[in-house]
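Only one structure is covered here, and it is reproduced in the block below.
We count ligands from 1, going down the list as the structure has it; atoms in each ligand are counted the same way.
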Amino acid sequence: MPQPFTATVLTIYPEMFPGPLGHALAGRALQKDIWRLDVRNIRDAATDRHHTVDDEPYGGGPGMVMKPDVLAAAIDAALMPDDARPRLLMSPRGEPLTQKLVREFAKQPGLVIVCGRFEGVDERVIEARGLREISIGDFVLSGGEPAAICLLDAVVRLLPGVMGKHESGEWESFEQDLLEYPHYTRPREWEGRKIPDVLLSGNHAEIERWRQRQAERLTKERRPDLYARWLRRRTERK
Ligand code: SAH
């Protein structure tokens, strides 16, 4: 039996985990041992009396920086023999997280994720431990923990056996460079609003065409960048 997907999270706030990852889809998968969560307190790797993890920046400036020696010791202690898992650092300077990256991560044996705090981490530990910097968007959080939770939530739902119906996931936003079409459920009329007739037609080909057109319309309106890429890929496919 191969080991289940194992996420090791390095943080100074271990009590933030599993948090949302302990609920719903991800939480059930955790219980079923489809994936494992190994949370490590970076502070445990500090050897001084006060368990210091940060220090003042060389060159001056505001805030504190996470110490390379302590962080490296925490990473080293968390690695398994022949650990082939990608090592990530949550960082606003990182590669933007996309569904494509999420799919790549879901194929790995697991992930080692470092959550930054303060102004960030000493540059040398990023180089020395080969940390791949990943950003969840162009905004600044106060720490890497919520970012790690977002990333893991997206990855875990793609692990085999996590999502109920296998097809759910295929027609979702981003899987085809298009945003998803609008959804409707009962009641059929609500506050005077009806649902599109085509959804009641029972004509599945017609419904598919309608959904595709809606997805294209929404993407064109809201995400011209995605729409341009979708147009380009469509031309390539032809
Ligand atoms: N001084 C830094 C911000 C530090 S925020 C800068 O200007 O770039 C503190 C920590 O929060 C970071 O080390 C990182 O781990 C996390 N973080 C903040 N924003 C993030 C984002 N958009 N994506 C991923 N991690 C983020």
Side-chain angles (χ1 to χ4, degrees), residues 5-22 26 35 37-46 50-79 83 85-106 108 110-158 173-174 179 222-223 225-226:
F5 182 96
T6 302
T8 292
V9 176
L10 295 140
T11 169
I12 59 169
Y13 293 107
E15 60 282 3
M16 288 189 181
F17 293 87
L21 297 172
W35 71 292
L37 182 60
D38 166 37
V39 182
R40 308 281 180 122
N41 193 340
I42 296 168
R43 237 175 247 292
D44 293 343
H50 295 107
H51 297 283
T52 311
V53 294
D54 58 321
D55 206 336
E56 292 161 355
Y58 274 115
M64 300 294 270
V65 177
M66 291 181 94
K67 287 162 61 58
D69 47 348
V70 175
L71 191 50
I75 294 170
D76 296 347
L79 296 180
D83 204 317
R85 294 176 296 166
R87 301 168 195 176
L88 311 182
L89 169 65
M90 303 320 299
S91 160
R93 294 190 324 196
E95 266 170 83
L97 185 64
T98 57
Q99 193 62 20
K100 181 164 176 258
L101 255 188
V102 167
R103 271 196 302 270
E104 251 175 59
F105 292 152
Q108 302 292 327
L111 294 168
V112 178
I113 306 178
V114 177
C115 302
R117 278 276 156 182
F118 316 109
E119 288 307 313
V121 312
D122 187 301
E123 191 69 21
R124 293 166 297 177
V125 72
I126 302 176
E127 296 161 13
R129 292 298 179 272
L131 303 181
R132 181 169 177 186
E133 294 180 69
I134 304 290
S135 165
I136 64 158
D138 290 343
F139 45 83
V140 182
L141 299 166
S142 54
E145 291 79 7
I149 289 170
C150 289
L151 185 150
L152 283 172
D153 183 286
V155 169
V156 164
R157 61 195 286 285
L158 296 187
S173 292
F174 306 117
L179 303 179
R222 297 181 185 181
R223 291 292 303 274
D225 57 322
L226 274 185

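Counting protein heavy atoms only, atom 23 (N) of ligand 1 is closest to I136 N, 3.1 Å. Among all protein heavy atoms, the one lying closest to atom 2 (C) of ligand 1 is E119 O, 3.3 Å. Nearest protein neighbour of atom 19 (N) of ligand 1, counting heavy atoms only, is L141 N, 3.0 Å. Closest to atom 13 (O) of ligand 1, if we only count protein heavy atoms, is G116 CA, 3.4 Å. Protein heavy atom closest to atom 25 (N) of ligand 1, with residue, atom name and distance, is S91 N, 3.2 Å. Among all non-hydrogen protein atoms, the one lying nearest atom 14 (C) of ligand 1 is M90 O, 3.1 Å. Atom 26 (C) of ligand 1 has P92 CD, 3.6 Å as its closest protein atom, hydrogens excluded (heavy atom only). The protein atom (non-hydrogen) at minimum distance from atom 9 (C) of ligand 1 is F118 O, 3.3 Å.
The nearest pair of heavy atoms linking K67 to T52 is CD-O, 4.1 Å. Residues F5 and G110 share a closest heavy-atom pair of CE1-CA, 3.5 Å.
When each of I136, L141, I149 is checked for a side chain to side chain contact (heavy atoms under 4.5 Å, CB included) with M90, only I136 meets the rule. Put simply, the residue from R129, R87, R40 that forms a salt bridge (charged side-chain N to carboxylate O under 4.0 Å, His left out) with D76 is R129.
Screening residues 135-144 for side chain to side chain donor-acceptor pair (under 3.5 Å), with sequence neighbours left out, gives no hits.
The backbone N or O of E133 lies less than 3.5 Å from no partner atom in the side chain of R93, so there is not a single donor-acceptor pair.
In this structure D122 satisfies the side-chain hydrogen bond (donor to acceptor under 3.5 Å, both in side chains) test together with R124, sequence neighbours excluded.
Near V140, the atoms of ligand 1 lying under 4.0 angstrom from a non-hydrogen atom of the residue are 3 (C), 5 (S), 19 (N). Listed by atom number, the atoms of ligand 1 under 4.0 Å from S135 heavy atoms are 22 (N), 23 (N), 24 (C). Of all atoms in ligand 1, numbered sequentially from 1 with element shown, those under 4.0 Å from a heavy atom of G120 are 13 (O). Those atoms of ligand 1 that come under 4.0 Å of a heavy atom in G144, given as number and element, are 11 (O), 15 (O), 16 (C). Here is the list of ligand 1 atoms found below 4.0 Å of a heavy atom in A147: 24 (C), 25 (N).
A 6.0 Å sphere centred on OH of Y58 holds no more than 12 heavy atoms belonging to other residues, nucleotides or ligands. Around atom CD of Q108, more than 12 heavy atoms belonging to other residues, nucleotides or ligands sit under 6.0 Å away. For F118, the CZ atom sits in a packed shell: over 12 heavy atoms of surrounding residues, nucleotides or ligands are nearer than 6.0 Å. Counted within 6.0 Å of CZ on R222, heavy atoms from surrounding residues, nucleotides or ligands total 12 or fewer; the atom is thus considered open.
At a 3.5 angstrom cut-off on N or O pairs, G137 counts as close to ligand 1. Annotation: F139 places an N or O atom under 3.5 Å from an N or O atom of ligand 1; distance criterion only.
Under a 4.0 angstrom heavy-atom cut-off, I134 registers as being in contact with ligand 1.
Protein non-hydrogen atoms do not reach within 4.0 Å of atom 7 (O) of ligand 1.
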